[in-house]
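Taking it in order: structure first as structure tokens, then the write-up.
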Number of protein chains: 2
Amino acid sequence: MTDRLLQQLNTIASLTETEEQAFVAITTTRRLRKKEWLMRQGDICRMVTFIYSGSLRLFHTVDGEEKTIQFFFENALYTDYLSFLTGQPTLENVQALEDCALVQFSRTDLEQLYQQHPVFERIGRISAERAFLSLSARNTLLTNQSPEVRYQQLIRARPDLFQRVPQYHIASFLGIKPESLSRIRKRMATR
Amino acid sequence: MTDRLLQQLNTIASLTETEEQAFVAITTTRRLRKKEWLMRQGDICRMVTFIYSGSLRLFHTVDGEEKTIQFFFENALYTDYLSFLTGQPTLENVQALEDCALVQFSRTDLEQLYQQHPVFERIGRISAERAFLSLSARNTLLTNQSPEVRYQQLIRARPDLFQRVPQYHIASFLGIKPESLSRIRKRMATR
DNA sequence: CCGAATGATTGATTTCGGTTAAGAAATCAC
DNA sequence: GTGATTTCTTAACCGAAATCAATCATTCGG
């Protein structure tokens with residue numbers, strides 16, 4: 001399982017045999033059944049998680065309502081940056097949508113790795129930059145457009161989503177109610 | 001002018017005399033009159049800009065409409081991360097709301113500085129992390145709440161804004177029309 | 001100081017998502 | 001396979017923001 005994560009890392013910066021081994025040494029694997037939790041609000045996030053297979057949903061709870069922030073599928077990386085960096089309790093809930101196989105490593109081990117093999121610093125920086133850019137793209141999508149346009153763009157960008165995620169989670173991700181998404185779909189079908 | 005930027009950097013990681021001098025050597029200063037442009041859509045962003053005094057507005061143009069993304073005041077840093085990192089043309093427009101005094105340095109010079117004085121790598125990383133966290137906070141504000149609540153939170157978070165920025169720009173920042181902001185204010189005044 | 005431009009408010013109307021409630025369709029568990 | 005649960009759709013009504021248009025207030029340039 002860790003092989004595929006290593007492949008990903010190698011596309012960012014190439015690793016020597018030694019570096020790869022040092023990295024593998026800090027990883028652990030873990031399985032999650034559908035509906036089990038990777039993270040609950042109030043936890044402290046100390047791990048980075050690589051999704052080998054399956055899918056997860058990240059949401060915040062605001063006024064008793066779940067606001068879906070992101071979906072994760074195979075080959076994605078997840079960590080709560082805020083909690084991971086500051087050590088504060090997280091506001092995020094992460095739940096398995098499907099059974100998952102995961103690869104994890106801890107912040108502590110990662111920092112030792114940074115010191116032993118500086119190439120991982122580079123990987124860490126580039127990952128952070130990518131996280132920023134992707135958050136920024138999500139921002140643009142969700143704040144500049146009407147729900148209908150957001151839905152259209154989402155279909156184009158991630159058609160896979162609709163095969164694997166219940167529609168009411170997608171509605172929540174788009175910032176609307178399931179009934180409204182249903183209406184939007186109807187409206188678009190008739191036009 | 002560069003003094004105050006140095007002060008800011010020193011709060012992130014302390015710099016030696018030599019490092020400070022090396023940094024000062026790559027900075028240039030610049031003035032901008034009200035309504036002049038720091039950046040136009042299509043430009044390539046090669047600079048980081050520190051606002052010594054004055055204010056700027058960052059907006060995107062979507063379907064011919066200006067969507068205000070952020071305001072910058074004295075002591076803020078601005079760069080278009082996407083364009084700065086990838087060298088692609090920017091989607092951002094940045095215009096002076098008031099006369100500005102700015103300190104700038106280029107990406108090229110910054111990268112040389114990284115190599116000569118690794119402490120700047122650290123500063124760069126932490127700045128990127130902060131940018132991520134602040135974008136994330138802005139996200140939460142703008143996507144989870146109704147316009148009225150967003151307005152209330154904005155007043156509490158940035159009361160200064162309303163002294164220095166026309167109301168229709170604030171409306172745009174909140175994702176609504178000026179007329180609607182006017183009505184929200186009226187509604188809140190009577191209740 | 002005055003006219004012009006800019007910015008803010010108000011009103012009438014339309015559009016669209018939220019709410020509530022009901023029922024249909026799909027999926028799951030036994 | 002059947003009943004139960006979960007998910008999706010539909011409908012009626014409501015409220016809030018958009019739109020269109022006019023007016024009022026403020027600021028700016030000469």
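Numbered from 1 within each chain, the chains take letters A, B, ... in sequence-line order.
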Nucleotide nearest B:E179 (side chain, heavy atoms from C-beta), chosen from C:dG17, C:dT9, D:dA17
C:dT9
In whole angstrom, what separates B:D63's CG from D:dT19's P?
11 Å
Separation of D:dC24 C1' from B:Y168 OH (nearest whole Å)
18 Å
A:F173 vs A:F71 aromatic rings, parallel, tilted or perpendicular, using cut-offs 30° and 60°?
tilted
Rounded at 0.5 Å granularity, tell me how far CE in A:M39 sits from CE in A:M47.
9.5 Å
Considering just the side-chain nitrogens and oxygens of A:K186, establish if one lies under 4.0 Å of OP1 or OP2 belonging to D:dA11.
yes
Quick one: is D:dA17 close enough that its OP1 or OP2 comes under 4.0 Å of any side-chain N or O from B:R187?
yes
Candidate nucleotides C:dT20, D:dT9, C:dA8, ranked by approach to the side chain of A:S182 - the nearest:
D:dT9
In a check of side chain to side chain contact (heavy atoms under 4.5 Å, CB included) between B:E92 and each of B:D80, B:L82, B:L38, which one passes?
B:D80
Want to settle it: does B:S180 or A:H169 sit nearer the 5' end of DNA chain D, counting the closest nucleotide to each?
A:H169
Name the closest nucleotide to the A:I184 side chain, picking from C:dG17, D:dT7, D:dA16.
C:dG17
Checking contacts here: which listed nucleotide (C:dC28, D:dC8, D:dA16) is nearest the side-chain heavy atoms of A:K34?
C:dC28
Would you kindly give the CD-to-C1' distance between A:Q145 and D:dA17, to the nearest whole Å?
17 Å
Starting from C1' on D:dA17, measure out to CZ on B:R150 and report it in whole angstrom.
11 Å
Side-chain N,O (A:Q167) to OP1/OP2 (D:dT6) below 4.0 Å
no
How many Å lie between CD on B:E148 and C1' on D:dG15, as a whole number?
12 Å
Once you round it to whole Å, what is the distance between P of C:dT27 and NZ of A:K35?
15 Å
Both B:P166 and B:R183 contact DNA chain C. Taking the nearest nucleotide for each, which residue is further toward the 5' end?
B:P166
I'd like to know whether the aromatic ring centres of B:Y78 and B:F50 sit less than 6.0 Å apart in this structure.
no
In terms of side-chain geometry, is the basic nitrogen of A:E111 or A:R107 positioned less than 4.0 Å from the acidic oxygen of its partner?
yes
Between B:L181 (CG) and D:dA17 (C1'), how many Å, whole number?
12 Å
Whole Å only: how far is the CD1 atom of B:I176 from the P atom of D:dG15?
20 Å
